[in-house]
Asker: 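First the structure, which I've put down as structure tokens, then a few questions once you've had a look.
Below, all heavy atoms of this structure are taken into account, side chains as well, without hydrogens, waters or symmetry copies.
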Amino acid sequence: MQIGEISKLCKLTKKAISYYEQVGLIDKKYDSNGYRMYDETDVTILKEIYILRKLGMSVSDIKSVFESDDKQLALRNYQDKQVFQIEQAKAQQHYLLRYLNQNLSVEDAFQEIEHKLDHHMIIKDKLLQAFPGVYGKYLYVHFGRFLNGTLDSVEKIKAFNNIVEYLDNLNSLDFEKDIQRYLEEQMDMLNMADFNKMDEGFHEVLKNYDEFIGKNKESLEWYLEYRNSEEFKSSPAYKMQLMLKEFHKNNGYYDVFIENVKILSESYKTYNEQLQKINDRLLEDFPQAKKLDNEMETNNE
């Protein structure tokens with residue numbers, strides 16, 4: 001069958017089906033004339049995508065489920081995450097009504113919410129509340145997709161407290177005005193959808209590194225050439241990277257913050273290990289990337 005027919009059958013737009021093809025949820029098949037064709041397997045997959053999307057699952061979550069060796073376990077893990085979010089929302093609604101309708105004093109509300117509401121909150125939201133503003137948003141956007149659980153063990157509570165203490169006692173990082181403006185613009189533009197797209201690209205690299213490099217070699221070489229150019233080195237993005245690299249290196253970012261995030265999130269621990277392996281291969285296959293890294297080290301000395 002062709003895309004118009006399967007679109008009606010699965011109650012999906014043609015553009016949605018094309019997008020699911022692009023991200024690898026369904027395989028592309030063509031007839032002898034080069035037209036895109038769909039079979040009963042595609043119908044089943046697209047109907048399942050329809051179901052999961054209606055249940056609130058993101059495309060990246062669906063992809064993780066489809067790629068999992070244990071589909072039922074992956075769905076249960078998603079259900080656990082959803083339960084956390086529902087319980088948090090219900091608890092917040094309950095205590096908001098109490099605060100509104102029972103004329104609780106600030107002190108009574110403070111004590112009650114601290115002891116009864118706080119444990120329902122998922123980790124990424126706790127971080128955002130602890131650090132409002134640009135820095136909290138940076139943490140939320142970059143690490144939030146790994147921190148959808150709660151502090152359900154003594155080890156996690158200790159790790160979270162270590163992170164809060166570490167971040168709260170860091171020396172201020174004072175950016176120049178052009179860098180601060182650039183950072184704020186980037187934070188305004190970034191959202192979880194952007195990181196879902198990054199995750200999709202990351203999974204593609206993991207699935208078949210050699211194939212990904214083969215398809216994207218020219219783009220990668222162009223990007224690395226640009227990163228080594230004087231134009232980029234005079235940009236706010238480059239200046240910000242230099243400052244952050246030096247700041248992280250001298251302030252225990254990797255030893256304290258990253259190590260404790262690994263304790264909070266097994267998925268981030270796995271992601272970090274896989275990212276390191278890919279980074280090592282990229283440095284081996286693209287010497288110009290190693291040169292760029294060495295130059296940043298030299299500029300920071």
Asker: Compute both the distance and the angle, then confirm whether K11 meets the cation-pi test with Y50: under 6.0 Å from the six-membered ring centre, within 45 degrees of the axis.
Answerer: no
Asker: Tell me, with the steps shown, if F66 and I45 meet side-chain contact (heavy atoms from CB on, under 4.5 Å).
Answerer: CA-CA 9 Å; F66 283 5; I45 292 172; 3.8 Å; yes
Asker: Working to the nearest 0.5 angstrom, can you tell me the gap between L75 CG and Q72 CD?
Answerer: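 L75 atom CG to Q72 atom CD measures 5.5 Å (nearest 0.5 Å).
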Asker: CZ of F286 to CG of L220: how many Å apart, nearest 0.5 Å?
Answerer: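 So the gap between those two atoms works out to 5.0 Å.
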Asker: Could you tell me whether the side chain of I62 reaches within less than 4.5 Å of the side chain of E48, counting heavy atoms only?
Answerer: no
Asker: For residues 33-43, pull every pair meeting side chain to side chain donor-acceptor pair (under 3.5 Å), keeping only residues two or more places apart or in separate chains.
Answerer: E21-R36, E21-Y38, K29-D42
Asker: Side-chain contact, heavy-atom cut-off 4.5 Å: L127 with F160?
Answerer: yes
Asker: If we only count heavy atoms from C-beta on, is the I3 to S18 side-chain gap below 4.5 Å?
Answerer: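 Counting from C-beta outward, I3 and S18 do come under 4.5 Å.
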Asker: Can you tell me how far the CG atom of L73 sits from the OG atom of S68, to the nearest 0.5 Å?
Answerer: 6.0 Å
Asker: When you look at N251 and V256, which way does the side-chain contact (heavy atoms from CB on, under 4.5 Å) test go after all the steps?
Answerer: CA-CA 9 Å; N251 288 280; V256 180; over 6 Å; no
Asker: Between L9 and E5, does the side-chain contact (heavy atoms from CB on, under 4.5 Å) criterion hold? Intermediate values first, please.
Answerer: CA-CA 6 Å; L9 190 61; E5 186 179 355; 5.6 Å; no
Asker: Rounded to the nearest 0.5 Å, how far apart are CD1 of I49 and CZ of R53?
Answerer: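 One gets 9.5 Å once the value is rounded to the nearest 0.5 Å.
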Asker: For Y30, what residues pass the ring pair (Phe, Tyr, Trp, His ring centres under 6.0 Å) criterion, not counting sequence neighbours?
Answerer: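 In terms of ring pair (Phe, Tyr, Trp, His ring centres under 6.0 Å), with neighbours along the sequence ignored, Y30 is linked to no residue.
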Asker: When the side chains of residues 261-268 are checked against the rest of the protein, which donor-acceptor pairs come out under 3.5 Å, sequence neighbours left out?
Answerer:
residue: K262; atom: NZ; partner: E259; partner atom: OE2; Å: 3.1
residue: S265; atom: OG; partner: F146; partner atom: O; Å: 2.8
residue: S265; atom: OG; partner: S267; partner atom: N; Å: 3.4
residue: S265; atom: OG; partner: S267; partner atom: OG; Å: 2.9
residue: S265; atom: OG; partner: Y268; partner atom: N; Å: 3.0
residue: Y268; atom: OH; partner: N272; partner atom: ND2; Å: 3.3

Asker: Side chains of F232 and S235: closer than 4.5 Å at any heavy-atom pair?
Answerer: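 Yes, close enough: below the 4.5 Å cut-off.
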Asker: Assess the residue pair L55 and M57 against the criterion (side-chain contact (heavy atoms from CB on, under 4.5 Å)); give the C-alpha distance rounded to whole Å, side-chain angles, the decisive distance to 0.1 Å, and a yes or no.
Answerer: CA-CA 6 Å; L55 293 174; M57 194 174 288; 5.6 Å; no
Asker: Report the residues that fulfil side-chain hydrogen bond (donor to acceptor under 3.5 Å, both in side chains) with Y20, sequence neighbours left out, ordered by chain and then residue number.
Answerer: none
Asker: Check this for me: D27, atom CG, are more than 12 non-hydrogen atoms of other residues, nucleotides or ligands nearer than 6.0 Å?
Answerer: no
Asker: Side chains of Q276 and E273: closer than 4.5 Å at any heavy-atom pair?
Answerer: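 Not touching, per the 4.5 Å side-chain cut-off.
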Asker: For atom CD of E221, decide whether the heavy atoms of other residues, nucleotides or ligands shown that lie under 6.0 angstrom number more than 12.
Answerer: yes
Asker: Please give me the minimum heavy-atom distance between C10 and L46, naming the atom from each residue.
Answerer: SG-CB, 3.8 Å
Asker: Is the closest side-chain donor-acceptor distance between S58 and D61 under 3.5 Å?
Answerer: yes
Asker: Counting C-beta onward and ignoring hydrogens, is there a side-chain heavy-atom pair between L151 and I123 closer than 4.5 Å?
Answerer: yes
Asker: How would you list, by chain and number, every residue that makes a ring pair (Phe, Tyr, Trp, His ring centres under 6.0 Å) with F257, sequence neighbours excluded?
Answerer: F143, Y253
Asker: If we only count heavy atoms from C-beta on, is the L282 to I213 side-chain gap below 4.5 Å?
Answerer: yes
Asker: Under 3.5 Å, is there a donor-acceptor pair between the side chain of D168 and the main chain of V164?
Answerer: no
Asker: If you round to the nearest 0.5 Å, how far is NZ of K63 from CG of L52?
Answerer: 15.0 Å
Asker: Determine the sole option in K215, K217, R281 for which the salt bridge (charged side-chain N to carboxylate O under 4.0 Å, His left out) test with D210 is passed.
Answerer: R281
Asker: Kindly write out the residues that satisfy side-chain hydrogen bond (donor to acceptor under 3.5 Å, both in side chains) with N161, not counting sequence neighbours, or none if the list is empty.
Answerer: none
Asker: Say you draw a straight line from CG of D125 to CG of N148; how long is it, rounded to the nearest 0.5 Å?
Answerer: 8.5 Å
Asker: With no hydrogens and no angle check, is any side-chain donor or acceptor of S7 less than 3.5 Å from a backbone partner on L12?
Answerer: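 Yes, because the side chain of S7 sits within donor-acceptor range (under 3.5 Å) of the backbone of L12.
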